[in-house]
Every structure is written in C-alpha cells, then in structure tokens.
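What follows is one structure encoded as structure tokens, with my remarks underneath.
Just follow the structure's listing: the first ligand is 1, and inside any ligand the first atom is 1.
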Amino acid sequence: MAAPEGQEAIVAEPQRPITNILIIIAMQTEALPVVNKFHLTEDPHSPFPQGVPWVRYHGTYKDLNINLIWPGKDPTLGVDSVGTISSALVTYAAIQALQPDLIINAGTAGGFKAKGASVGDIFIVSDCAFHDRRIPIPVFDLYGVGLRKAFETPNLTKELDLKVARLSTGDSLDTTEQDESSILANDATVKDMEGAAVAYVAELLKVPAIFIKAVTDIVDGDKPTAEEFLQNLASVTAALDVAVEKVISFINGKCVSEL
Ligand code: SAH
C-alpha cells in the first residue's frame, strides 16, 4: 500500500536543506523577543487580505529565511487574537502565501505537575490533540479529539536536551473538570490554545510542524491560572526565546530528514 499522502509530501525532498521557516506565535509578548533577537522587520505589504490584523515579520538568519506571523490584536477589543480560530486562519494563509519548508509554533502553556511539568520548563511536543471538542458519536469522537503527531525531531530533541511532551489544546485559558479529564485521556503534560489547530492545518497542507511550549502556569497547582500566567509571562517568554533561537540555529543548514 502507498504511504499516507501526508507522509509522502512531507518527505518529498528530504535531502534539500530547509530554507524557509514559518514561526507562528499567538501573543505579542511572546513574539517580540523573537522578532528582536533575529532583527526581523514588519512587512509593510503583508501578503494577507486587507484589513486583517495578522502581522508578518521577516528577515534572514544564516541560510534561513525566517517568517514570523503573529495573528495581531483583535480589531474590536484590542487584545491578542489567541485561540484556535485565529491560529488556524493564519497558518492557512501563511502557508499559502509563503510556502514554508517547516512550521514552528512557539508559545506559552499550562503544565501539569502530576506529569512532571514546572514553571519555566520548555517542551518539544510529540503529539497534539483537542480537549474541548466533545462529540460522543462513534468516529466523530475521534475527529473531535483530533490527535496528530508533530513532525519527529529526534536529533534536535537530543542535541538541545529538550523534554518531550504531549500537548492538549482548547479555546479556554481556565480548565473545567471535564477539560481536565479529557486532557488526562490525551495523556498531555502541557495545554495551550493553539497547537492542535496549527497541527490540523499543517497536516492538511502537508507541511512539517513542530511545537515548542514554555510553561507559564501549573494547571493542577493551587494558584489561579490567569494570575500565575501573568506573573510568569515575562520570565518564561525570555526562556522561550532562548529555546527558539537554539532550535533555529540547529535547523540552519539541515534537511527536514536530519531533524
Ligand atoms: N490574559 C492573557 C490571556 C492570554 S491567553 C493576556 O492577554 O495577556 C493565554 C495564551 O497563553 C494562549 O495563547 C495559550 O496558548 C497560552 N497559555 C498559557 N497558559 C495556558 C493555560 N493554562 N491554558 C491554556 N493556554 C495557556
């Protein structure tokens, strides 16, 4: 039997060095340190439809052409456009416009101490799934969970000594009891609001995607999530930015099959 279509396309040119990477980051606070580190500049003629808040920053680093897309601020409310809808839309539009070789979704996440996570930990994700898409009908249940593998990066993981974890995605920052049991069923160590949506689009359009998540708050701890998140956001995004830099410098000059 032929290999599943996605796999075929993903390794279609395994020997060609990666030249074009797409970084997707949901929040401005998370994105700006990366923008500054790589001296990226905002594209005044963004390839996106007129009027959308999505921002493209771009630049080069060694042999890499770097595109960082931030979904921008909600046009009505002025807060970061976090969550699955915005991240799926920008992933789709950016793949169409920029034809990346690899996607990196980087961001903060809640971590479960019962699964070994602590504030400031950086994880590379092995699998993504959703925890708030409950459709209790056979097969639709699996569609709702939407379990997908991230692109496997054994050499990167080993070289950078990254912790590996499963990620669970939902559209809420807080965690209901029902969410918590779904996250447990997903065997996830970290939870965010974008990863599985980016994975869905990346798989549809057959682009390898990796996920780097930094823990800002402990979901099964005693501090209120929003408070803990805001308290740790600055220091954890600094750590995330260092991790993204290491990942990008590892990627430089390599083919996807060498990751
Ligand atoms: N009050 C914040 C809200 C950001 S939402 C603000 O605007 O400053 C949280 C963002 O961080 C999302 O992009 C999500 O992916 C990530 N995140 C961090 N901790 C999380 C958690 N415990 N659960 C879900 N997402 C979390």
So the side-chain hydrogen bond (donor to acceptor under 3.5 Å, both in side chains) pairs with at least one residue in residues 110-126 (sequence neighbours excluded) are K115-D187, D121-K163
So side-chain hydrogen bond (donor to acceptor under 3.5 Å, both in side chains) across residues 190-201, not counting sequence neighbours, yields T169-D192, T175-K191, D192-K213
Find all protein N or O atoms under 3.5 angstrom from an N or O atom of ligand 1 and list the pairs with distances, or write 'none'.
{"unit_1": "ligand 1", "atom_1": "11 (O)", "unit_2": "T108", "atom_2": "OG1", "d": "3.0"}
{"unit_1": "ligand 1", "atom_1": "13 (O)", "unit_2": "E194", "atom_2": "OE1", "d": "3.2"}
{"unit_1": "ligand 1", "atom_1": "13 (O)", "unit_2": "E194", "atom_2": "OE2", "d": "2.7"}
{"unit_1": "ligand 1", "atom_1": "15 (O)", "unit_2": "M193", "atom_2": "N", "d": "3.0"}
{"unit_1": "ligand 1", "atom_1": "15 (O)", "unit_2": "E194", "atom_2": "OE1", "d": "2.6"}
{"unit_1": "ligand 1", "atom_1": "19 (N)", "unit_2": "G110", "atom_2": "N", "d": "3.3"}
{"unit_1": "ligand 1", "atom_1": "19 (N)", "unit_2": "D217", "atom_2": "OD1", "d": "2.8"}
{"unit_1": "ligand 1", "atom_1": "22 (N)", "unit_2": "D217", "atom_2": "OD2", "d": "2.6"}
{"unit_1": "ligand 1", "atom_1": "23 (N)", "unit_2": "L173", "atom_2": "O", "d": "3.3"}
{"unit_1": "ligand 1", "atom_1": "23 (N)", "unit_2": "K191", "atom_2": "NZ", "d": "2.8"}

Kindly list each side-chain donor-acceptor pair under 3.5 angstrom involving residues 47-60, sequence neighbours excluded, with atom names and distances?
{"unit_1": "R56", "atom_1": "NE", "unit_2": "N67", "atom_2": "OD1", "d": "2.7"}
{"unit_1": "R56", "atom_1": "NH1", "unit_2": "D43", "atom_2": "OD2", "d": "2.7"}
{"unit_1": "R56", "atom_1": "NH2", "unit_2": "N67", "atom_2": "OD1", "d": "2.8"}

Q | Non-hydrogen side-chain atoms of D174 and T225 separated by less than 4.5 Å | A | no
Is the shortest side-chain heavy-atom distance between D80 and K73 below 4.5 Å? yes
Side-chain touch I210/L259, heavy atoms, less than 4.5 angstrom
no
